[in-house]
Amino acid sequence: MVGVEVSGGAWFVSHAGADRAWAEWAAWQLVDAGFQVELDYWDWGAGDNFVLKMNAALDRGRFLALFSPSYFEPDRFTTPEWTAIVAMKEKITPVRVAEVVAEPILRPLIAPDLFGIGEEAARRVLLEAVSGPRRPTVAPAFPGALRQLGGSGPRLPGSLPRVWNLPARNASFTGRDTLIVRLRQDLAASSRVAVQALHGRGGVGKTQLAVEYAHRFAGEYELAWWIAAEDPALIPDQLATLATRIGAAPAGAPSAEAVEALSGELRIRSRWLLVFDNIEDPSVLAPYLPGGGGHVLITSRSPHWKAHASPLDVDVFSRAESVALLHAHGAVLSHTDADLLALALDDLPLALAQAAALLTDGLSAADLTAELARNTAEVLAEGRPAEYPVSLAAQVRFTTTRLAADHPGAAALISALSLLAPEPFPVTACAGRLPDSTPLADALATRLTGTTAVRAITRHSLARAQDGTVQLHRLSQTVLRDQLTDDQREQAGRDAEALLTAADPGDVGLPSTWTAWRVLLPHLLAMDPALITSEAGRDVVRTACWYLMDRGQARTARDRLQKLHHTWSRQLGPEHEDTLWTAQYLARAHHDTQDHEGARALDEDTFRRRRRLLGEDHRDTLNTASNLASDLAALGLTEEARDLDEDTLARLRRVLGEDDRDTLVTASNLAIRLAALGQVEEARDLGEETLARQRRVLGEDDRHTLSTASNLASDLAALGLTEEARDLGEEALARQRRVLGEDHPETLITASNLASDLAALGLTEEARDLGEDTLARRRRVLGEDHPDTLITARLLELSDATRDEPDVE
C-alpha cells in the first residue's frame, strides 16, 4: 500500500502482495514526480499495527488501486480495502498491472493499463491517472529527490536486466505469494549484502521459487546471475563467466583471479542478484559470498545456514495451492478428487506436478490413486515435469545413495525408519542400546555419534529432527520403502526391530514410562509383524497393545493383536511361547471390548496348552487360569469363576508365596467373586488383607493396590458402612486421578462407585456432579454403548427419578 499527498489531498495505493514489484516501481515514479509517498515496505516498522495503518491511510482520502488477478482474490487484504472505499462512496482511481476482469461493481471504472507498454509510456499513464492530463500548477520538485532513497530507480516490472542468465519462467507456477513477499521484504530490508537461504526437502519447489522471485523482481536489479552449485567444483568457472561479462576480468583470465575481481566489483555495486542453486555444504559456499549492496539467494536441502545466511524454510503447499497447481498443469478433475490426490501426495509440488502430467496423459484420478496405493515409488518415477531436473523417485534414490556413501549408519537409520510410522522416532533414546556391530549400531553408539548421523540426514532434508527425534516426510518415506530391494528390506526390518527394542520404555504399569510409550506407540503399531524375528521385538510390540488397553483403547489393541497372533501362529506355531502370550493379550482385548465368549475361548485354549507344556503349577499357567476366571465371571458363571480362583490362589500361595504380585491380584479377584455371590463379609475380609499386603509390597500408588481399594470400598458400602466406603473411595479416586489420569477406565470405575456412595449418604448434588462428569468421560473414552457407560447413565436416571418423586405424608 502506498499513500500520496497531492494538491491538498491524500492518496492510498492498494495492491496485492504478489504485485509488490509494481507497487515499488509506481512509488518510485511518484516520488520522482514530486509526490509524497508512504510505502509500507519502506516506512512501516516491526510492531506497527497493519490494520490501523491501513485504516489511517484510507481515512486520508483518495484511493489508487493496482488491478490484477491476485488483487481480487477473496482472502486478500485488498478486498476490505476497496469494498470500504465503495461503501464510503469515495472515488477509486484504478490502473491495471495485468490482464484481469474487475469485480462487477468496479467494471464501469476506466482502468488504464501499465503493462504491455514501454516504461516511459507506463510512467506517463500512471501520472495522468493520479494527477489528470493537465499542466502542473506548481514548480516541479528537484530531480534529486530520488537520491534520498539511494541508488537508481527500479525499471518497469517484467523488464530483464542487461546481464541475465536466469532459467526460463515456469508458466504453471502457482501459489507461494506469501513466501515471495517475505523473501522480498527480508532482502530489501538488509542494510548490508542480503543472503537468503531457501531450504526444504527435495521436490518442495525451492528452485522454482527462486526462479519466480528473480523474474517477478527482475526490474529491481541491474544484473542477475544463476550459478548451478550442486557440484561445488563448477562454481568458480560460472562466476568467472559473470566477471568477464561485466568487464571485471578479461576473457581467459584464470578462474581464481576472475572470481576475486568479481567480488571487488560487486562490493562497490548495488542492485545485483546472485542465485546459488542446490548447494548443500555452507562451508563450501562461504568463500564465494561477496559483500556490497546486492542480494544473494541460495537454494538447499540443508537447513544449516544460520552462520552464513538467513534461512527461510520452504514447506509443502497449502491444500488450496495444491489444487491450483494440479489445475494449472492441465489436470481435469473434481475438487474432491484433487483434494484426495493432494492428500495422498503430501501436498508436495514435484509429486503434484508429476501426478498432473499422468492425468493429462489419460490416467483417471481413481486409477492414479490406486496405482499410488500399490507402489508409490513406481508412479513417481513417471511423469517428470519439464521444470524439474528429475522425478521425485529418482531424487529420493539419488539422495539416499549419496547418504549411504557419506554415512552408512545414517542411511541404515532412514531405511529402518521407512518401515515405521511417519511420526517422530526417539533416536537418542536408542543410543548405546543396540547390541550388534552394524552400521546402525555404530551410528548410534553414543548420543554424540547419533547426533552426527541425524545431522547427515537433515543435511539432505530427508527428515525433520527435533528434541532427539527424527521424523521422515510421509511421502519420501513411502517412496523410500517402495524402493527397497528384498535384501534391503530384510536388513531394514532387522534394524527397525533393533530400534524398537532399544527404545523400549519399560514397565507399562509405571507412570514414569507413559510419555515414552506415547512417542513410541505409532511405530510399534506400524511395524510389520512378519519382519519381527526376536523375542525382545515381539515382546515390545505386544506390550504396546497392553499399554493401549490400559488407556481404554481396547478396540485398537484387539485389531493389532489379532494380526500379531495370526502372523506368529503361522510363523512360530500355535504353541510357541510368544504365540501363547499374544493369545493371552488378545483374550484381554476381547474381554475389554465385551466379547467375553471370544476371551473365554482364547484363555481356555491357552490354559490347556500351558498345563500340558509347563505344568499346572507354573506361574504362566496360573496367570492364564486367573484370566479365565475373569472371563467366566463376565459370562455370569460366577460360581465356576470363584472355584477356579480359589484353586489358583491356593497354588500361587504355595508356589510363589503370599506376597507375590500375581498372588495378590488373584486374591483381589477372588474377593470380587465372593461379593458377587453374596459373601460380602468374606469378600471384605479378604479385600482388607490383600490391600494391606499390596500397600506394603507394591506401594500405595500401584495400580493393583488402587483397584483393590476401590473394590473394598464397594464391599464396605454393601455392608452399610457408607462413610468408610466414601472415605476409602475418595482416597483411591484422588490417587488414581494423579497416577492413572482422570480418563483411565479404572479411575472411572472408582468415580462411578463413589457417586453411588455419595448418593447413599444423601449428598445428592455432589453425587450428581460426579456422576455427570463420569458419564461424559465414559462416553468419550469407552463409547455410548459400553456397559460401563450404560451403568453410569442408568444410575443418573434413577437419581433423577428419586429426586423428582413427590413427598408423601
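Along the sequence shown, residues carry numbers from 1. Small disclaimer: the values here were computed from a predicted structure and weren't measured.
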Indicate yes or no: at least one non-hydrogen side-chain atom of V211 is less than 4.5 angstrom from one of V275.
no
When rounded to the nearest 0.5 angstrom, what distance separates CG in D495 from CG in L500?
11.0 Å
Would you say that W272 contacts V296 through its side chain, given a criterion of any heavy-atom pair below 4.5 Å between the two side chains?
yes
Rounded at 0.5 Å granularity, tell me how far CG in L285 sits from CG in D281.
9.0 Å
Check for a donor-acceptor pair, side chain of H473 on one end and backbone N or O of G202 on the other, with a separation under 3.5 Å.
no
Trace of the side-chain contact (heavy atoms from CB on, under 4.5 Å) decision for D442 with T449:
CA-CA 8 Å; D442 293 341; T449 59; over 6 Å; no
List the steps and the verdict of side-chain contact (heavy atoms from CB on, under 4.5 Å) for W225 and L262.
CA-CA 12 Å; W225 203 252; L262 175 66; over 6 Å; no
Closest approach of H304 to P282 (non-hydrogen atoms, all atoms of both residues)
O-CG, 2.9 Å
Check whether any side-chain heavy atom of L419 sits under 4.5 Å from a side-chain heavy atom of L484, and report yes or no.
yes
Does a side-chain N-to-carboxylate-O contact under 4.0 Å join D313 and R201?
no
Looking only at the side chains, is there a donor atom on one of N278 and T299 sitting less than 3.5 Å from an acceptor on the other?
no
Exercise: identify the closest heavy-atom pair between L403 and A456:
CD1-O, 3.8 Å
Distance-only polar pair, side chains of W25 and E220, donor-acceptor under 3.5 Å:
no
Side-chain (D347) to main-chain (S322) donor-acceptor, under 3.5 angstrom:
no
Strictly below 4.0 Å, N to O, side chains only: are R169 and E212 in salt-bridge contact?
yes
Could you pull out the closest heavy-atom pair between P422 and Q471, with the gap in Å?
O-NE2, 3.0 Å
If you measure from CD on Q466 to OG1 on T458, what distance do you get to the nearest 0.5 Å?
12.5 Å
Got a second to check how far H199's NE2 is from S302's OG, nearest 0.5 Å?
8.5 Å
Between Y213 and the options L179, L198, L187, the side-chain contact (heavy atoms from CB on, under 4.5 Å) test singles out L187
Okay, side chain of Q477, backbone of L417: is any donor-acceptor separation there less than 3.5 Å?
yes
Between F217 and Y221, is the ring centre distance below 6.0 Å?
no
Side-chain heavy-atom pair T174, E321 within 4.5 angstrom cut-off:
no
Does any part of the side chain of W305, heavy atoms only, come nearer than 4.5 Å to the side chain of L312, both counted from C-beta?
no
Hey, mind stepping through I235 and L239 against side-chain contact (heavy atoms from CB on, under 4.5 Å) and telling me if it holds?
CA-CA 6 Å; I235 293 176; L239 292 175; 3.9 Å; yes
If you count the non-hydrogen atoms of other residues, nucleotides and ligands that lie under 6.0 Å from CZ in R455, is the total more than 12?
no
Salt bridge between E230 and R402, side-chain N to carboxylate O under 4.0 Å?
yes
Shortest non-hydrogen contact between R216 and D177, atoms and distance:
NH1-OD1, 3.4 Å
Test item: Y288 and V259 side chains (from C-beta on) under 4.5 Å apart, heavy atoms
yes
Are the charged groups of E24 and R20 less than 4.0 angstrom apart, N to O?
yes
Assess, by modelled atom type and distance only, whether the side chains of H407 and T452 contain a donor and an acceptor separated by less than 3.5 Å.
no
Heavy atoms from other residues, nucleotides or ligands near CD of Q491 exceed 12 (cutoff 6.0 Å):
yes
Would a 4.5 Å heavy-atom cut-off, applied to side chains only, mark L440 and S415 as touching?
no
Would you confirm whether Q238, through its side chain, and A228, through its main-chain N or O, come within 3.5 Å as a donor-acceptor pair?
yes
Are the side chain of H523 and the backbone of L420 linked by a donor-acceptor contact shorter than 3.5 Å?
no
So how far is it from T478 OG1 to L372 CG, rounded to the nearest 0.5 Å?
9.5 Å
Give the C-alpha distance, both sets of side-chain angles, the deciding distance and a yes or no for side-chain contact (heavy atoms from CB on, under 4.5 Å) between V427 and L499.
CA-CA 8 Å; V427 170; L499 289 173; 5.9 Å; no
Looking at side-chain heavy atoms only, is the closest gap between R301 and T399 below 4.5 Å?
yes
Between the side chain of K206 and the main-chain N/O of G200, is any donor-acceptor distance below 3.5 Å?
yes
Once you round to the nearest 0.5 Å, how far does CZ of R481 lie from CG of L472?
10.0 Å
Are T241 and T244 linked by a side-chain donor-acceptor pair shorter than 3.5 Å?
no
Between D315 and V204, which heavy-atom pair has the shortest distance, and what is it?
O-CG2, 3.0 Å
Heavy-atom nearest pair, P69 first then A98, reads CD-CB, 3.8 Å
Determine whether a donor-acceptor pair (N or O, by modelled atom type, separation under 3.5 Å) exists between the side chain of E222 and the backbone of P161.
no
